[in-house]
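Please read these numbers as outputs of a predicted model, since none were measured by experiment. Hydrogens, waters and symmetry mates play no part in the numbers below; they use all other heavy atoms, side chains included. Positions are given from 1 along the sequence.
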Amino acid sequence: QVQLVESGGGLVQAGGSLRLSCAASGRAASNYAMGWFRQATGKEREFVAAISGGGSSTYYADSVKGRFTISKDNAKNTTFLQMNSLKPEDTAVYYCTAAQIYRGFRYRPDYWGQGTQLTVSS
């Protein structure tokens, strides 16, 4: 069992930057692949980014590629999502996830956090 707690959400102007953090706890939490999903009001939840357990492989949704960067600090069991050049359409609740297996574009979470709200104003 892995517990995930997100932080760092908030209100930012378009063009700005923000970094989300996800603290993982539980048995062998640092070995898990990690990912971020988001869900905007009235829309389906969508994949944002994923990173392998060791941090050497990453995969991004086309909508955030070149603007967002996922990384993880296994010593601190923390995963980050650095978000630059933010757009109003990035407004959503962002969820941290963990998976026992990293599958790149087929990433499928086993565990979910509670989510953190990001609002980008125009």
Side-chain angles (χ1 to χ4, degrees):
Q1 189 78 8
V2 175
Q3 293 79 41
L4 305 171
V5 179
E6 304 96 334
S7 61
L11 174 65
V12 63
Q13 288 188 332
S17 299
L18 203 66
R19 188 177 78 164
L20 303 181
S21 299
C22 174
S25 60
R27 184 177 181 183
S30 63
N31 294 336
Y32 281 69
M34 302 294 292
W36 292 90
F37 284 69
R38 67 185 182 186
Q39 186 168 21
T41 302
K43 295 187 178 181
E44 293 187 355
R45 193 173 295 183
E46 64 175 355
F47 169 81
V48 175
I51 187 168
S52 59
S56 60
S57 298
T58 58
Y59 187 79
Y60 296 92
D62 287 343
S63 58
V64 306
K65 198 173 296 182
R67 300 188 298 123
F68 291 11
T69 302
I70 188 171
S71 62
K72 65 194 312 256
D73 183 340
N74 283 340
K76 297 182 179 179
N77 285 352
T78 303
T79 300
F80 304 99
L81 185 67
Q82 177 66 43
M83 304 179 291
N84 300 327
S85 302
L86 284 163
K87 306 174 182 179
E89 50 264 44
D90 293 318
T91 296
V93 176
Y94 283 72
Y95 296 91
C96 176
T97 68
Q100 293 188 4
I101 300 174
Y102 174 75
R103 297 185 176 92
F105 69 94
R106 290 190 294 268
Y107 175 82
R108 292 294 181 269
D110 297 307
Y111 302 99
W112 292 77
Q114 293 298 308
T116 185
Q117 175 72 44
L118 168 68
T119 303
V120 183
S121 62
S122 57

Practice item. Show your working on side-chain contact (heavy atoms from CB on, under 4.5 Å) between Val12 and Leu118 and close with a plain yes or no. Key: CA-CA 8 Å; Val12 63; Leu118 168 68; 3.9 Å; yes
Exercise for review: Starting from the C-alpha separation in whole Å, work towards a yes-or-no answer on side-chain contact (heavy atoms from CB on, under 4.5 Å) for Met34 and Cys22.
Suggested key: CA-CA 9 Å; Met34 302 294 292; Cys22 174; 4.0 Å; yes
Point to revise | Test side-chain contact (heavy atoms from CB on, under 4.5 Å) applied to Arg103 and Tyr59, step by step | key: CA-CA 9 Å; Arg103 297 185 176 92; Tyr59 187 79; over 6 Å; no
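In terms of hydrophobic clustering, with Ile, Leu, Val, Met, Phe, Trp and Tyr side chains grouped at heavy-atom distances under 4.5 Å, Val48 and Tyr102 are assigned to different clusters. Using a 4.5 Å cut-off between side-chain heavy atoms of Ile, Leu, Val, Met, Phe, Trp and Tyr, with links allowed through other members, Val2 and Tyr107 fall into different hydrophobic clusters. Val64 and Val93 fall into different hydrophobic clusters, where Ile, Leu, Val, Met, Phe, Trp and Tyr side chains are chained together by heavy-atom contacts under 4.5 Å.
The shortest side-chain heavy-atom distance between Leu86 and Gln13 does not fall under the 4.5 Å cut-off. Residues Tyr111 and Gln3 fail the side-chain proximity criterion, which asks for heavy atoms closer than 4.5 Å. Side-chain contact between Tyr95 and Arg38 is absent, with no heavy-atom pair separated by less than 4.5 Å. Side-chain contact check for Leu20 versus Phe80: every heavy-atom pair is 4.5 Å or farther apart. Contact check for Ser71 versus Gln82: no side-chain heavy atoms found under the 4.5 Å cut-off.
No donor-acceptor pair closer than 3.5 Å links the side chain of Gln114 to the backbone N or O of Val5.
Under the salt bridge (Lys or Arg N to Asp or Glu O under 4.0 Å) criterion, Lys43 pairs with no residue at all, not counting sequence neighbours. For Phe37, the ring pair (Phe, Tyr, Trp, His ring centres under 6.0 Å) partners at least two apart in sequence or on another chain are Phe47, Trp112. For Glu89, there are no side chain to side chain donor-acceptor pair (under 3.5 Å) partners two or more places apart in sequence or in a different chain.
Contact detail for Pro88 and Ala14: the closest heavy-atom pair is CD-CB, 4.1 Å. Of all heavy-atom pairs spanning Thr97 and Pro109, the tightest one is CB-CB, 3.5 Å. Here the closest non-hydrogen pair linking Asn84 and Ser17 is OD1-OG, 2.9 Å.
Side-chain polar atoms of Asp73 and Thr78 form no donor-acceptor pair below 3.5 angstrom.
The line from CD1 of Ile51 to NZ of Lys72 is 6.5 Å long, rounded to the nearest 0.5 Å. Taking CD of Gln39 as the reference point, atom CD of Gln117 lies at 11.0 Å (rounded to 0.5 Å). Atom OG of residue Ser21 and atom NZ of residue Lys76 lie 10.0 Å apart, to the nearest 0.5 angstrom. For the atom pair Trp36 CH2 and Ile70 CD1, the distance stands at 7.5 Å (nearest 0.5 Å). Note that OG1 of Thr119 is 10.5 Å distant from CG of Leu18, once rounded to the nearest 0.5 Å. With rounding to the nearest 0.5 Å, the separation of CG in Asp110 from OH in Tyr32 is 7.0 Å.
With respect to the salt-bridge test (charged N to carboxylate O, under 4.0 angstrom), the residues Lys65 and Asp62 qualify.
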